[in-house]
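Beneath this line is the structure, given in structure tokens, with notes to follow.
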Amino acid sequence: MAKSNTNAADSHSVAADLVDFLNASPTAFHAVDEAKRRLESAGFERISEREEWKLEVGRKYFFTRNHSTVVAFAIGKNLFKA
């Protein structure tokens, strides 16, 4: 039964986080700003779409376009060259 309570607590936490995100994001532009803040706090590095990228295995990156789009990705540690 403890597992059921844990799942309920996790669900509540995820829902509360979603509500916080939505409250901070009344427009697409606000949503992008909030997403950037959250990505940076999660260890993502901001890169510029207009500059050459120097990507490293095991790192996480993101960029924005027109202040209304966010693209985020991670380079896996098990990356191999084909």
Side-chain angles (χ1 to χ4, degrees):
M1 187 142 215
K3 187 173 184 176
S4 176
N5 289 339
T6 301
N7 288 340
D10 289 345
S11 295
H12 178 73
S13 175
V14 169
D17 190 45
L18 174 61
V19 169
D20 290 344
F21 180 83
L22 294 173
N23 284 336
S25 308
T27 69
F29 304 106
H30 290 94
V32 167
D33 282 340
E34 180 64 11
K36 290 188 311 188
R37 186 189 69 73
R38 289 172 177 237
L39 287 167
E40 287 173 342
S41 23
F44 282 74
E45 178 182 337
R46 186 175 184 178
I47 56 176
S48 172
E49 189 178 12
R50 295 188 172 125
E51 296 174 6
E52 183 176 337
W53 298 347
K54 294 182 177 18
L55 306 177
E56 297 177 26
V57 171
R59 308 263 324 253
K60 303 179 285 188
Y61 304 94
F62 77 95
F63 65 88
T64 62
R65 181 180 286 174
N66 298 329
H67 304 288
S68 62
T69 304
V70 177
V71 177
F73 59 95
I75 308 295
K77 292 182 179 178
N78 295 325
L79 181 69
F80 63 93
K81 295 181 182 181

Test salt bridge (charged side-chain N to carboxylate O under 4.0 Å, His left out) applied to E51 - qualifying residues, sequence neighbours left out: none

Test side chain to side chain contact (heavy atoms under 4.5 Å, CB included) applied to R46 - qualifying residues, sequence neighbours left out: K36, E40, F62, T64

Qualifying ring pair (Phe, Tyr, Trp, His ring centres under 6.0 Å) pairs with a residue from residues 24-61, counting only residues at least two apart or across chains: W53-F63, W53-F73, Y61-F73

Minimal non-hydrogen separation, K60 against A74, with atom names: CG-CB, 3.8 Å

Pair D17 + R38, salt bridge at N-O below 4.0 Å: yes

Reported OG-to-CG distance for the pair S68 and D33, which is rounded to 0.5 angstrom: 11.0 Å

V70 reachable from F21 in the ILVMFWY side-chain graph, under 4.5 Å edges: no

Which residues share a salt bridge (charged side-chain N to carboxylate O under 4.0 Å, His left out) with E56, sequence neighbours left out: R59

Side chain to side chain contact (heavy atoms under 4.5 Å, CB included) partners for A24, two or more places apart: E34

Distance-minimising heavy-atom pair for G76 and V57: O-CG1, 3.2 Å

Non-neighbouring partners of R50 that pass side chain to side chain contact (heavy atoms under 4.5 Å, CB included), sequence neighbours left out: S48

Minimum heavy-atom distance between S25 and A31, given as atom pair plus value: OG-CA, 3.4 Å

